[in-house]
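Here is the structure we will look at.
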Amino acid sequence: MEPVKYQLTKREYVITLVLDFWRRKRILFANTILLIMVFICFLLDPPLYNWAIFIIAWFIFAPLFHLHLLNKIVKSDPDLFTSEKTLSFDDDGIKASSITTSLSMNWSVFKKWTENRKYIFLHYNVLQPSIIPKRAFTNEQLIEFKKLLADKIRPS
C-alpha cells in the first residue's frame with residue numbers, strides 16, 4: 001500500500017480528540033446515569049436541586065475543561081501534533097514519520113479502531129488515539145486500509 005500524507009490543524013486535532021473521548025461508551029453510560037439522577041433530583045424535595053445544578057454544571061464544564069487541557073498540551077509542542085505526517089502500512093504494523101518523530105508500531109500495540117465520517121481512530125491507550133483523516137486516502141486506499149485494520153485489530 002502506498003504511504004499516505006496528512007496534516008491536522010491544532011483546532012482539528014483538539015476538537016476531534018474531545019469529541020472522540022465524550023462519545024465513548026463508558027462516558028455515555030456515566031452521563032446517562034447522571035442525567036437520570038438530575039431527573040430524580042427535580043422530582044424529589046427542593047434540597048436536591050443543588051445536586052441537579054451540580055450535575056448540569058458537569059455537562060457544561062467537563063468538556064470545556066477537557067478542551068482547555070488538550071489545547072494546553074498541543075500548544076506546548078505544536079509540531080509534535082500538527083506537523084505533516086507520513087504513514088505507511090504493512091502486515092507487521094504502521095511506520096509513521098514527521099519532522100519531529102519517526103516510529104514504527106506493531107499491530108499488537110493497538111487495542112481497537114473506530115471511525116466516524118471524517119476520521120479513523122487507532123486506540124493504543126485510553127486517553128489519546130491516533131487520528132488519521134480519511135481525506136488522506138484515495139477511495140481504494142481507504143478500502144484496503146480498513147481491510148487491513150479488520151484483519152489486524154478488532155473494530156469497536
Can Leu122 and Ile94 be said to form a side-chain contact (heavy atoms from CB on, under 4.5 Å), step by step?
-> CA-CA 11 Å; Leu122 300 178; Ile94 296 177; 3.3 Å; yes
Can you tell me which residue pairs pass the salt bridge (charged side-chain N to carboxylate O under 4.0 Å, His left out) test with a partner in residues 91-104, sequence neighbours excluded?
->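 Matches after skipping sequence neighbours: Asp90-Lys95.
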Under a 4.5 Å cut-off applied to non-hydrogen side-chain atoms, are [X] and [Y] in contact?
| X | Y | result |
| --- | --- | --- |
| Lys112 | His123 | yes |
| Ser130 | Tyr124 | yes |
| Glu84 | Ile99 | no |
| Pro3 | Thr86 | yes |

Listed by chain and number, what are the side-chain hydrogen bond (donor to acceptor under 3.5 Å, both in side chains) partners of Thr100, not counting sequence neighbours?
->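 In terms of side-chain hydrogen bond (donor to acceptor under 3.5 Å, both in side chains), with neighbours along the sequence ignored, Thr100 is linked to Ser98.
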Contacts of Arg117 that satisfy salt bridge (Lys or Arg N to Asp or Glu O under 4.0 Å) - sequence neighbours left out |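 Testing Arg117 for salt bridge (Lys or Arg N to Asp or Glu O under 4.0 Å), a comparison that skips the adjacent residues, returns none.
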Tell me which donor-acceptor pairs under 3.5 Å the side chains of residues 142-150 have, and how far apart each pair is, sequence neighbours excluded?
| unit_1 | atom_1 | unit_2 | atom_2 | d |
| --- | --- | --- | --- | --- |
| Lys146 | NZ | Glu115 | OE1 | 2.8 |

For Pro133 and Tyr6, work out which heavy atoms get closest and say how close.
-> CD-CD1, 3.3 Å
Heavy-atom pair with the smallest gap, counting every atom of Leu87 and Phe89 | CB-CZ, 3.7 Å
Using links of under 4.5 Å between side-chain heavy atoms of ILVMFWY residues, direct or through other members, which residues join Phe65 in one cluster?
->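 Besides Phe65, the cluster holds Leu69.
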Which residues share a side chain to side chain contact (heavy atoms under 4.5 Å, CB included) with Thr16, sequence neighbours left out = Glu12, Tyr119, Phe121, Ile131
In terms of heavy-atom contacts, does NZ of Lys10 have more than 12 from other residues, nucleotides or ligands at under 6.0 Å?
-> yes
Counting only heavy atoms not in Gln7, do more than 12 sit closer than 6.0 Å to its CD atom?
->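 Yes.
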Given side-chain contact (heavy atoms from CB on, under 4.5 Å), test Gln141 with Glu2 step by step and report yes or no.
-> CA-CA 8 Å; Gln141 284 178 320; Glu2 291 285 318; 3.3 Å; yes
